[in-house]
There are 2 protein chains.
Amino acid sequence: MTGLLGSMPATIYEVAQKAGVGIGTVSRVLNNSSQISPQTRARVLQVIDKLNYQPHAMAQGLARKKSLTIAALMPFFTGHFYVELLKGIQQATARHKYDLILYSIEDLHDKDFYLKRALQQRRVDGVLLVSLPLSDAYAKEFQRRKLPLVLVDTSHADFDSFTVNNQSGAHAAVQHLIRLGHKRLAMITGHRESKPAQLRYTGFRRALAEAGIKLPEGLLISSDTLSGESITLNDGFNKETGYRAMQKLLQLNGIRPTAVFVASDIQALGAMQAMQESGLRVPEDMALVGFDDIELAEYVGLTTIKQPMFQMGQRAVERLMALINDPNSPRQHRRIETELIIRDSCGAKKEIKHKH
Amino acid sequence: MTGLLGSMPATIYEVAQKAGVGIGTVSRVLNNSSQISPQTRARVLQVIDKLNYQPHAMAQGLARKKSLTIAALMPFFTGHFYVELLKGIQQATARHKYDLILYSIEDLHDKDFYLKRALQQRRVDGVLLVSLPLSDAYAKEFQRRKLPLVLVDTSHADFDSFTVNNQSGAHAAVQHLIRLGHKRLAMITGHRESKPAQLRYTGFRRALAEAGIKLPEGLLISSDTLSGESITLNDGFNKETGYRAMQKLLQLNGIRPTAVFVASDIQALGAMQAMQESGLRVPEDMALVGFDDIELAEYVGLTTIKQPMFQMGQRAVERLMALINDPNSPRQHRRIETELIIRDSCGAKKEIKHKH
DNA sequence: ATGAAAGCGCTAACAC
DNA sequence: GTGTTAGCGCTTTCAT
C-alpha cells in the first residue's frame, strides 16, 4: 500500500495527499486547531490512523521552537533520596507528555558542560537543577535566555526552588524525644559548615529551648571535631563519624544522654554499632532518632525523619511546567515539610508506636 | 555586540557572516569535514568561540536524520538493581556524547505508548528495553524501521540482549556451600513459572549433581507452593515467601538442611527472620547464600551472588552504539557472569572469608 | 577549498 | 475553513 516508501514513517505530506487536503489542514487537525469542518477532520484523522502517522518530534520542535523536553541535572544517585526524587520527576514529566533528559553530574566540570548543553544546544523547554549550587554566571544566562529553571534541594534568590525544611524536621525529631520523657539529650551531626547540618542543629536547639531544656557541654558532636579516615566524606554524614561520635558520648560518665538526635540515618547506624559493641541496647539504654529514612532505617527499626522526595520531584516538575506555560509567574521558594516515621529506636512511653 | 538578537543563541548564519564565509563552510568545520584550509577553519573556530555558538540539536537532527539521543525504557527502580543499571547506562551514554531519555514503565500500557513514541516520532537513534518482554508485533516494527534495539535483562531471538547468567550464578552459590562441607542442602526460590527462578534452580541442581548430592523430597520450596498474602508479589521473590519457606524447612525434623540457597536476598532476609524467631543462628545452625546483593545484604552479612548491573548497563549501551554505527553488525546474546560475594552467612571452613 | 541552494518535516502567517 | 508558502537551523549535494 505504501509502496516503496513502506519502510519509512509517513510524513504530513502523505497524510495530506491521501486525505485530499493540504498539509496545513493536516497540521491543524494535529494541533486541534479552532475551526476545521468536522468532516475533513474526520477524514484526516482516519488517514492518520491508517498510516499510523505520528508527527516527527524534531521537525515539530524546530518549527515550534519548543522541544517538549526538559532536562534534569543531578548528582547521580547517592541512594534512596535521589531515586525517589527521580521517580517523582519522571512521573510528573510523563504526565505532562514531556520527555525527560537525564544529565548526571559527577564533578563540577560536568555541571558546566551540561548546563551549557541544555542552554544552547539541546534547547530544552526547562531545566531542573538538583542539589547543585547555581553560579551567578549561569543564573544570568538563564534569565537572559528566559529559560525556565527550578532548583531542587538547592536555592538561589532569583529562581524557584524546592528545599526540605531541615529545621522543622529536626525540631519534630527532638520534640518526639522530649514528649517521650527524655530530658538529657545529645545530638550527633555532620560538618558544621554543612548547611543542612546547621539547620538541623537550629531545629534541635529550638525544640530544646521550647521545652526549657539546656544542652550541657559535650553533648553536641559535629563530624569535623572527630578524627578518622572518612571523617570528611559526604559532609561528615557517614557511618564512621556516627560510630566515633557515639563512642565519645559513651565515655561521658555521669552526664551520658538518654536520647540522641542523629542528624543522618547513616550516622545513626554507626552510632548503633558503637552502642552494640559496648553492650548497650536501643532504645533501652539510649533512644535514637535519625534523619533521612534510608532503606536500612526500616530494617533496623530506626525512628527517623523522612524527606518526601518523590513528592518534591513531582512538585518541582509541576512548577517547571507552570513556568513554561507562564514565564512571568511569580517566583516561589517552597519548603517541603518532612515526616516523622516512628519505629522502635525510641521505645514507647506515652506514644503509640506505628509499626511498619 | 550581537545587537538586538543578543538574547537569542547564535545561528550558523551569524557565525558565517562574522567569519566572512558561507554557512556551508561553517557546517564543514563543525563536522570537521575533510578538506578545509587551516586558515578558514581557524577563523571560523574563533568566531564560534567568540559567539559561544553551539549547533541546535533539533535542526541538526532534522537535517541529519539523527538525534544523538537514545531512550531507555525500564520499569522504575525496584531498588539497587535498576539504580546500578541506570548509572551504567547513563555513564556510557554520556561518554558517547549522546543524550538519554528515560521512559519509565509502570504498566503495560505505558510500554506500548513509549515504544510507539520511540519508534515513530524519531526522537531517538536507538532504544534500550530493560526487563520487559518484547512482543512480536513490536519486534517486527523495530526491524521494519531498522531502529537499533538492545534488550537488557530480557531477551528475544531477533535482537541483541544482555542477561545475567542466572544458572552459573546459582551454581557458584551452591558450589560455595558444598566446598564448605555442606551435604544436606535446600533451596528456597520464587514462583516456578519465573524464568530466573527456573534457571537458578537448574544451577542448583547442576552443582548438586556434580558433587554427587541428591536433593531429598521437601527441600525445594517455591513461592507458589506457599500460602500467604503477598505470596504472588514480584514473582514470589519477596520477604514473606522467604519467611514462610524457612518456617517450613524448620519443621522438617531429622532431614533439616545444614545450608540453604535462597534464590533472592529479599527472601533470605525473610528466612533469617524466621530462623531468628526460632532461636536459630546464621551460620551456626544453618548457612545461607542469597542472590542479588541488595543493599541490606551487606548490612546483615549475607553471602550472595552479585549481578554486575552497572557493567551490564555500560555494555548494553556500547552495543547499542555499535548497532547505531553499523546496523548490520551480527546479533549478540551476551550472558553476564555474576560474582560471589562472600560475607558471614556461611561461616568459614576451608575458605578464607572476604570481609567487606 | 568553498559558496549557493535544495531539502529535512513541520508550524504559522497569509491569502482566498 | 482550507490551501499555499515562508521559515525553523542545519547538512549536503552541486557547482565552481
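Small disclaimer: the values here were computed from a predicted structure and weren't measured. First the proteins, then the strands, lettered A, B, ... as listed; each starts at 1.
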| task | Go along nucleotides 5-15 of chain C 5' to 3' and tag each nucleotide: B for a protein heavy atom under 4.0 Å from its base, S when only backbone or sugar atoms are that close, - otherwise. | result | B-BBBBBBB--
| message | Does this structure show an ion pair linking Glu106(A) with Lys87(B), if we count only N-O contacts that are shorter than 4.0 Å? | response | no
| message | Tell me if a side-chain donor or acceptor on Lys111(A) pairs with a main-chain N or O of Pro133(A) at a distance below 3.5 Å. | response | yes
| query | Can you tell me if Thr40(B) uses its side chain to pair, donor with acceptor, with the backbone of Ser37(B) under 3.5 Å? | reply | yes
| Does Thr25(B) make a side-chain N or O approach to OP1 or OP2 of dG3(C) shorter than 4.0 Å? | yes
| note | Residue pairs meeting ring-ring contact (aromatic ring centres under 6.0 Å, His included), one or both in residues 117-162 of chain B, sequence neighbours left out, come to His156(B)-Phe159(B)
| Can you check the Gln35(B) CD to dT12(D) P distance for me, whole Å? | 16 Å
| task | Quickly work out the Gln17(A) CD to dT4(D) C1' distance and round it to whole Å. | result | 16 Å
| Going by atom types alone, do Thr69(A) and Asp99(A) pair a side-chain donor with an acceptor below 3.5 Å? | no
What donor-acceptor contacts under 3.5 angstrom involve side-chain atoms of residues 321-328 of chain A, with partners at least two apart or in another chain?
from	atom 1	to	atom 2	distance (Å)
Asn325(A)	ND2	Met321(A)	O	3.1
Asp326(A)	OD1	Asn328(A)	N	3.0
Asp326(A)	OD1	Ser329(A)	N	3.4

| Gln121(A) has an atom CD; how far is it from atom P of dG9(D), in whole Å? | 15 Å
